[in-house]
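Owing to the predicted nature of the structure, the values given are computational and were not obtained by experimental measurement. Ligands are counted one by one from 1 in listed order, and the atoms in each one are counted from 1 as well. Positions are given from 1 along the sequence.
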Amino acid sequence: MNQHTRLQSIPFIDVAAQRKRLGKSLDEAVARVLGHCQFLGGPEIAQLEAELAAFSGVRHVVTCSSGTDALLMVLMAKGVGPGDAVLCPSFTFCATGEAVALTGATPVFVDVDEATFNMDATSLARAIATARKLGLKPKAVIPVDLFGQSADHDAIGAVAAGEGLFVLDDAAQGFGASYKGRRLGTFGLATATSFFPAKPLGCFGDGGAIFTDDAELAATLRSVRAHGQGFDKYDNVRLGLTARLDTVQAAVLIEKLKIFDDEIEARNRLAERYSRGLGNVVTVPRLAVGCSSVWAQYTIRLPKGTDRDGFAAALKAQGVPTAIYYPKSMHQQTAYRHFPVAEGGLAVSEELSGDVISLPMHAYLDEATQDRIIAAVRGAVS
Ligand SMILES: Cc1ncc(COP(=O)(O)O)c(C=O)c1O
């Protein structure tokens with residue numbers, strides 16, 4: 001390998017490789033929408049909703065404009081608002097807690113499990129007690145299937161049921177993964193996902209979807225998605241949003257869903273290779289018993305005392321990009337630090353924010369390139 005090849009930059013996520021694989025089928029799918037001109041509410045929307053329902057094993061799917069809107073729409077449909085508390089992990093993308101705060105309710109932050117990065121059920125129980133002490137009414141829990149791995153839905157569901165809260169699963173990163181043999185989309189009252197282009201199942205812009213077995217909730221969500229419209233289009237019966245998915249995005253997603261299982265398999269193969277190549281130099285991600293992952297991110301923890309910026313710079317010099325998800329947990333961020341946290345604090349979230357770093361991961365990463373990344377990581381920590 002000459003110097004030029006060695007320094008060639010590796011993409012962190014290669015959206016173009018998938019575009020190339022799908023080629024003409026994507027062009028034709030988009031052309032069909034351009035032909036029928038039903039840019040909103042076209043036939044592809046109902047088709048995609050039916051196919052997503054069949055894929056995940058849920059009764060109703062309501063597509064929408066983004067993962068954030070998917071979360072917000074469920075909270076709005078359930079009437080969550082001022083005086084209510086919604087329990088969220090702090091170590092997550094900001095949209096999880098943001099959707100709660102947008103309703104006027106209070107996000108109460110919960111710590112995560114060190115091995116899986118997902119919500120810790122014992123911290124959840126403490127956070128519910130914290131919310132009650134503050135005079136808030138706990139209404140819902142939003143577990144996150146972080147980096148693609150399913151959260152511990154049995155443990156979280158048991159705490160939520162015991163406290164009379166509903167569960168809204170944030171599967172923006174985990175759609176396609178399963179828990180104890182059941183696909184995400186089927187846990188709790190509802191599940192939200194995102195089709196942001198870099199997600200395991202992404203479209204060519206913003207998009208999202210909500211999954212639920214509750215027919216009444218699905219009907220309310222369809223109303224919220226279109227300004228709260230009722231049976232009479234001009235008699236709006238509740239507050240809502242402009243939160244529809246574009247037909248073009250649905251057409252793209254129908255094509256991508258055809259290869260999604262194959263891509264999930266590839267991501268799992270690559271994750272295993274990373275773990276074999278790196279397991280003795282850094283802390284590699286661990287799948288909990290009964291959980292699978294779609295590896296939205298492959299996130300390692302650096303040995304104590306490692307200079308993370310220096311590590312990232314050493315990899316960058318070799319053409320290997322990295323990303324830090326998340327350098328600050330939500331309760332450490334300016335817009336959210338005034339919200340309450342679970343009694344006992346969020347030590348694990350804070351520690352993870354200090355030492356995690358994510359490596360390139362996508363279904364089209366070839367083994368030679370992955371070996372280059374593994375060698376660069378090993379060199380940088382030794
Ligand atoms: C955990 C999580 N929740 C919610 C979202 C929001 O999704 P969107 O960007 O489609 O609004 C994201 C997006 O990155 C996410 O990672």
Side-chain angles (χ1 to χ4, degrees), residues 12-13 15 48 52 61-76 86-103 107 109-110 112-113 116-119 140-151 153 156 167-177 184-185 187-188 190-211 221 224-225 241-246 249-250 252-253 256 285 293-299 323-331 333 335-336 349 352-353 356 358 361-362:
F12 188 73
I13 290 177
V15 179
L48 175 66
L52 288 171
V61 174
V62 179
T63 52
C64 64
S65 43
S66 71
T68 307
D69 287 339
L71 292 166
L72 179 60
M73 284 166 62
V74 175
L75 297 172
M76 288 172 73
V86 178
L87 295 300
C88 313
S90 185
F91 189 65
T92 179
F93 181 64
C94 66
T96 312
E98 181 186 39
V100 176
L102 284 171
T103 66
F109 292 114
V110 177
V112 295
D113 173 71
T116 62
F117 309 145
N118 278 328
M119 186 182 268
V141 184
I142 310 186
V144 177
D145 307 295
L146 201 74
F147 302 149
Q149 176 174 193
S150 165
H153 289 287
I156 291 162
V167 175
L168 165 56
D169 184 24
D170 181 346
Q173 301 181 12
F175 182 65
L184 296 185
F187 295 92
T191 298
T193 199
S194 164
F195 300 130
F196 180 79
K199 293 288 189 262
L201 180 64
C203 60
F204 286 170
D206 280 314
I210 302 152
F211 301 71
L221 290 168
V224 169
R225 168 171 84 170
L241 303 164
T242 306
R244 295 167 292 239
L245 181 73
D246 297 350
Q249 302 303 348
V252 167
L253 285 163
K256 291 197 180 193
S293 179
V294 289
W295 302 101
Q297 302 298 339
Y298 186 88
T299 302
I324 297 170
Y325 304 117
Y326 298 92
K328 283 185 178 182
S329 291
M330 282 203 74
H331 71 285
Q333 297 178 25
Y336 300 98
S349 298
L352 291 174
S353 286
V356 290
S358 302
M361 168 54 90
H362 58 87

- Query: What pair of heavy atoms forms the shortest contact from Ala209 to Val61, and how long is it?
  - Reply: CB-CG1, 4.2 Å
- Task: Heavy atoms only: give me the nearest Asn118-Val144 pair and the separation to one decimal.
- Result: OD1-O, 2.7 Å
- Query: Would you say Phe93 and Tyr325 make side-chain contact, with heavy atoms under 4.5 Å?
  - Reply: no
- Query: Is a side-chain donor or acceptor of Ser293 paired with a backbone partner of Gly148 at a separation under 3.5 angstrom?
  - Reply: yes
- Contacts of Ser194 that satisfy side-chain contact (heavy atoms from CB on, under 4.5 Å) - sequence neighbours left out: Ala172, Phe196, Lys199
- Heavy-atom distance under 4.5 Å between the side chains of Leu48 and Leu245, does that happen here? yes
- Under 4.0 Å from ligand 1 - residues by heavy atom, chain and number: Ser66, Gly67, Thr68, Thr92, Phe93, Ala95, Thr96, Val144, Asp170, Ala172, Gln173, Ser194, Lys199, Gly207
